[in-house]
Trainee: 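Below you will find the structure I want to go over with you.
As the structure is a prediction and not an experimental result, all values here were calculated from the model. Each chain gets a letter, A, B and so on, in the order the sequences are listed, and its residues count up from 1.
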There are 2 protein chains.
Amino acid sequence: MITANDCRKRLQNLWGWETAGMVNSNTLKDIAKKLNVSVSTVSRAVNNKSYVKEETRQKVLQALKEYHYVPNEIARSLKSQSTKTIGVIIPDICEMFFGQIIKGIDEVVSPEGYTIIVSDSGESKTNEARDLEMLFQKRVDALVLATVELKGKKVLQFLDHDIPVVFIDNLPVIEQEIDAVMIDNVEASKIAMRHLIGLNHREIAVIIGSIEETTGYDRMLGYKSALREADIPVDERLIAYGNYKENKGYECMCALLDRIGEVPFTAVYVTSEMMTFGAIKAINDRGLRIPEDISLIGFDVHDKTGLVVPGITTVRQPESLIGTKTGELLIKRLKQKGNKKSRQTAKCRKILLDPYLEIKQSCRKK
Amino acid sequence: MITANDCRKRLQNLWGWETAGMVNSNTLKDIAKKLNVSVSTVSRAVNNKSYVKEETRQKVLQALKEYHYVPNEIARSLKSQSTKTIGVIIPDICEMFFGQIIKGIDEVVSPEGYTIIVSDSGESKTNEARDLEMLFQKRVDALVLATVELKGKKVLQFLDHDIPVVFIDNLPVIEQEIDAVMIDNVEASKIAMRHLIGLNHREIAVIIGSIEETTGYDRMLGYKSALREADIPVDERLIAYGNYKENKGYECMCALLDRIGEVPFTAVYVTSEMMTFGAIKAINDRGLRIPEDISLIGFDVHDKTGLVVPGITTVRQPESLIGTKTGELLIKRLKQKGNKKSRQTAKCRKILLDPYLEIKQSCRKK
DNA sequence: ATGAAAGCGCTAACAA
DNA sequence: TTGTTAGCGCTTTCAT
């Protein structure tokens with residue numbers, strides 16, 4: 001029987017035609033024909049499977065080299081019902097935070113033969129839904145999601161189909177049990193606050209991101225909790241609510257400074273990177289100095305330049321570790337699939353990692 | 001005839017079995033069976049193709065919804081010999097420079113139905129080769145490559161198979177005609193130098209990255225060329241050769257400062273971001289001030305914090321535009337494939353984009 | 001040790 | 001308008 005591919009090959013030979021995308025693309029069948037063996041034999045040789053006579057194996061291996069055979073992963077995927085691909089959706093690929101996480105994931109899944117498809121949702125819920133749909137269609141074996149859609153239904157599709165999902169950075173509001181890897185955001189705030197309190201600050205303002213999100217909510221909890229630990233009353237007027245944008249940080253800081261007469265504070269804790277930059281600019285614009293007039297602790301601050309003066313003391317997340325832990329959890333789940341015993345005992349896991357303080361010069365003793 | 005899938009379904013019903021990864025995963029066949037129509041009819045309805053009686057179409061569409069049918073892109077890819085996927089290999093996903101480019105690419109290919117697989121080579125030639133192999137196996141429809149392997153053979157595989165490849169940032173040393181999108185690096189240096197010369201500087205030092213690479217080489221050409229334009233003799237002793245790392249920038253700057261007595265200069269032009277940071281630190285460490293003692297122009301400097309003082313005047317690349325232009329070229333090539341006429345006239349294109357100067361406070365009039 | 005053949009889910013040429 | 005069927009490239013069972 002003559003296949004379409006055969007026809008193409010013949011045409012190429014006869015007329016020197018190059019048919020788009022198929023030039024020299026050898027298949028198992030092509031190799032088999034050339035060697036007068038069956039496809040299955042070639043397949044076995046390629047995959048080092050089953051028994052193949054050493055002589056045959058050599059002959060095949062040789063031919064594979066000669067004709068530059070490259071296995072077609074698409075066909076393999078269709079057959080094996082596994083694409084060896086992991087989808088990762090993040091809000092912004094330009095943020096070092098996510099870049100590091102991706103590197104961490106890659107570091108552990110890559111040796112296991114998995115490839116990562118990264119999708120940038122651009123902080124848009126619509127895009128996130130689109131990306132989820134697309135990754136599902138591409139039949140990724142697993143998913144990592146830094147969601148901006150807290151109440152997303154779309155991700156259930158994966159859960160329903162028993163495709164492992166690991167949430168990072170933020171938890172969605174859904175009923176199902178889920179896996180997640182993130183820092184302990186309550187603890188993060190406590191670390192920052194304890195540092196300030198240790199420097200004798202007692203009137204500490206805070207700029208919070210969206211409290212809809214676990215990140216924002218937990219960081220606020222930590223702030224309050226640390227104050228209570230130190231027997232300092234919580235003054236709601238010292239709490240400013242923003243989002244995660246720089247200009248919001250600027251605005252919040254301005255608002256706090258506007259009423260610093262009535263509601264004084266000597267230190268401020270800003271709970272996201274971009275808001276931190278905004279807050280610092282607001283302070284500078286008022287002619288106030290850090291840390292002489294106000295001590296400041298930021299969050300997630302990455303100063304790649306190393307040139308910001310004064311250096312900003314900041315809460316940091318172990319991004320790389322978040323990545324590798326996510327990768328490990330992913331691999332564990334992937335290995336569990338199809339293994340009835342371990343699947344029954346598989347509990348969902350929330351892995352909480354430790355944030356840490358990077359101390360520079362933006363805080364001083366009161 | 002009873003297929004394996006049928007068996008699985010039956011087992012599920014009989015025993016409540018969940019067979020890994022196949023739960024509820026409806027196929028065209030399943031839908032067809034439920035409606036007592038043929039797969040092709042369902043297929044036609046799904047793809048809005050050919051003629052389907054309106055009544056049937058509605059019935060099918062309804063069923064697709066009801067059973068949550070999601071097309072299997074893997075199967076489609078195998079059939080259509082096109083994965084609707086574009087591979088992108090970059091040296092470091094954490095660099096904003098590449099992040100922006102990826103966003104730009106995504107912006108234009110995504111509406112055309114393409115998905116991007118990003119691979120981080122970690123600046124390693126070995127990884128780059130691995131990634132190329134993997135992307136080829138996954139049969140990406142096209143490739144974008146910011147190569148670190150100037151003499152790579154592996155990429156020829158794509159070219160040979162008529163898979164569009166677009167190089168960005170750097171050109172490899174190969175004989176084939178290739179497509180590329182990058183800035184005019186000669187012009188970039190000229191812009192920087194003209195700025196300094198316009199401020200009356202005549203003794204201008206330069207720190208060059210690897211001249212093996214087109215980026216380094218061209219930037220050096222531009223430096224010399226701008227001097228000649230202004231009738232300033234080139235003094236080789238003012239040229240320091242580094243790589244693209246921060247510590248090398250530091251070292252080079254130190255070396256230049258060490259002999260500033262014999263070979264004086266009033267300004268320095270540093271040709272990469274990280275080297276710029278290193279150079280600034282070297283200057284600071286010597287107790288010299290920018291721009292009072294030395295004027296400085298950097299390259300690719302991204303100060304996300306906006307807090308570096310003085311602000312660094314820098315050559316910038318239009319990253320986003322590099323991305324969109326790359327995307328457009330990609331789409332053009334993809335559309336040309338299989339279209340004999342346009343393919344014959346298809347010329348390889350090097351798209352040179354304009355760099356620009358971002359002027360801040362690190363240069364002053366001499 | 002090797003081969004024949006079925007089938008993964010889908011599309012499309014051809015037939016009815 | 002709808003159905004039948006072959007085949008995309010591969011793996012795997014079953015037969016030889």
Trainee: Closer than 4.0 Å, any side-chain N/O of A/T27 to the OP1 or OP2 of D/dG9?
Mentor: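 Result: no.
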Trainee: Check this for me: B/E54, atom CD, are more than 12 non-hydrogen atoms of other residues, nucleotides or ligands nearer than 6.0 Å?
Mentor: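 Counting neighbours around CD of B/E54, more than 12 heavy atoms of other residues, nucleotides or ligands fall under 6.0 Å, so yes.
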Trainee: Rounded to the nearest 0.5 Å, what separates atom CD1 in A/I89 from atom CD1 in A/I168?
Mentor: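 Reported to 0.5 Å precision, the distance equals 10.5 Å.
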Trainee: Separation of B/E73 atom CD from C/dC8 atom C1', in whole Å?
Mentor: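 Taking atom C1' of C/dC8 as the reference, CD of B/E73 is at 15 Å.
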Trainee: What nucleotide, of D/dT1, C/dC10, D/dC10, holds the atom closest to the side chain of B/R76?
Mentor: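 Selected nucleotide (nearest to the side chain): C/dC10.
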Trainee: Do the side chains of B/K103 and A/D92 get close enough for a salt bridge, i.e. N-O under 4.0 angstrom?
Mentor: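 Salt bridge present between B/K103 and A/D92.
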Trainee: Would you mind reading off the distance between A/I74 atom CD1 and C/dT11 atom P, rounded to a whole angstrom?
Mentor: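 Whole-Å distance recorded here is 15 Å.
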Trainee: Each nucleotide N or O in nucleotides 12-15 of chain D that has a protein N or O under 3.5 Å away: list the pair and distance.
Mentor:
{"residue": "D/dT12", "atom": "OP2", "partner": "A/K49", "partner atom": "NZ", "Å": "2.8"}

Trainee: When the distance from NZ of B/K84 to C1' of D/dC8 is rounded to whole Å, what number comes out?
Mentor: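 Going from B/K84 (NZ) to D/dC8 (C1'), I get 18 Å.
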Trainee: For A/K154, is there an ion pair with A/E149 - N to carboxylate O distance below 4.0 angstrom?
Mentor: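 Salt bridge absent between A/E149 and A/K154.
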Trainee: Check the distance between D/dT4's C1' and B/K33's NZ and give it to me in whole angstrom.
Mentor: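 Nearest whole value for this atom pair: 16 Å.
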Trainee: Of all the choices, D/dT2, D/dC10, D/dC8, which nucleotide is nearest to the side chain of B/L78 once you look at every atom?
Mentor: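 Nucleotide nearest to B/L78's side chain: D/dC8.
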Trainee: B/L28 has a side chain; which of C/dA1, C/dC10, D/dT11 sits nearest to it?
Mentor: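 My answer, after comparing the listed nucleotides, is C/dC10.
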Trainee: Between the axis at one end of the helix from C/dA1-D/dT16 to C/dA16-D/dT1 and the axis at the other (five pairs apiece), what's the angle to 10 degrees?
Mentor: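 That helix has its two terminal axes inclined by roughly 50°.
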Trainee: Quick check: on DNA chain C, is the nucleotide nearest A/V37 upstream (toward 5') of the one nearest B/S80, or the reverse? Name the residue that is more 5'.
Mentor: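 Result: A/V37.
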Trainee: Side chain of B/T56: nearest nucleotide among D/dG3, D/dT1, C/dT2?
Mentor: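 Of the candidates, D/dT1 comes closest.
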Trainee: Please state how far atom NZ in A/K29 lies from atom P in C/dA4, giving the value in whole angstrom units.
Mentor: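 From A/K29 NZ to C/dA4 P: 13 Å.
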Trainee: Decide yes or no on salt bridge (charged side-chain N to carboxylate O under 4.0 Å, His left out) for A/E128 and A/K125, but give the supporting numbers first.
Mentor: CA-CA 5 Å; A/E128 183 177 308; A/K125 297 183 183 185; over 6 Å; no
Trainee: Around atom NZ of B/K34, are there more than 12 heavy atoms of other residues, nucleotides or ligands at under 6.0 Å?
Mentor: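 Above 12, so yes.
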Trainee: Given atom CG of A/L35 and atom C1' of C/dG3, what is their separation to the nearest angstrom?
Mentor: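 The distance from CG of A/L35 to C1' of C/dG3 comes to 15 Å, rounded to the nearest Å.
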Trainee: Test salt bridge (charged side-chain N to carboxylate O under 4.0 Å, His left out) on B/E73 and B/R76 and set out the steps.
Mentor: CA-CA 5 Å; B/E73 272 297 323; B/R76 276 190 177 163; 3.2 Å; yes
Trainee: Do the side chains of A/R130 and A/E133 get close enough for a salt bridge, i.e. N-O under 4.0 angstrom?
Mentor: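 Salt bridge absent between A/R130 and A/E133.
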Trainee: For the side chain of B/Q81, counting heavy atoms from C-beta on, which of D/dT2, C/dT11, D/dG9 is nearest?
Mentor: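 Side chain of B/Q81 sits closest to D/dG9.
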Trainee: Counting only side-chain nitrogens and oxygens, does A/Y51 get under 4.0 Å of the OP1 or OP2 atom of C/dG3?
Mentor: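 No, outside the criterion.
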Trainee: To the nearest Å, give me how far apart NZ (A/K59) and P (C/dA1) are.
Mentor: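 After rounding, the gap between these two atoms is 15 Å.
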Trainee: Expressed in angstrom and rounded to an integer, what is the separation of B/D30 atom CG from C/dG7 atom P?
Mentor: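 Atom-to-atom, B/D30 to C/dG7, this comes out as 15 Å.
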Trainee: Could you work out which one of C/dC10, D/dT2, C/dA4 sits closest to the side chain of B/T41?
Mentor: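 Selected nucleotide: D/dT2.
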Trainee: Any side-chain N or O of B/N47 below 4.0 angstrom from OP1/OP2 of C/dT11?
Mentor: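 It does, given that an N or O in the side chain of B/N47 lies less than 4.0 Å from OP1 or OP2 of C/dT11.
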Trainee: Between A/D162 and A/K337, is the salt bridge (charged side-chain N to carboxylate O under 4.0 Å, His left out) condition met? List the steps.
Mentor: CA-CA 8 Å; A/D162 203 27; A/K337 278 189 61 166; 5.1 Å; no
Trainee: Any carboxylate oxygen within less than 4.0 angstrom of a Lys/Arg side-chain nitrogen, looking at B/D179 and B/R333?
Mentor: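 Yes, B/D179 and B/R333 are salt-bridged.
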Trainee: Looking across every strand, which nucleic acid part, if any, lies under 4.0 Å from A/S77 by heavy atom: base, sugar-phosphate, or nothing?
Mentor: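 No contact.
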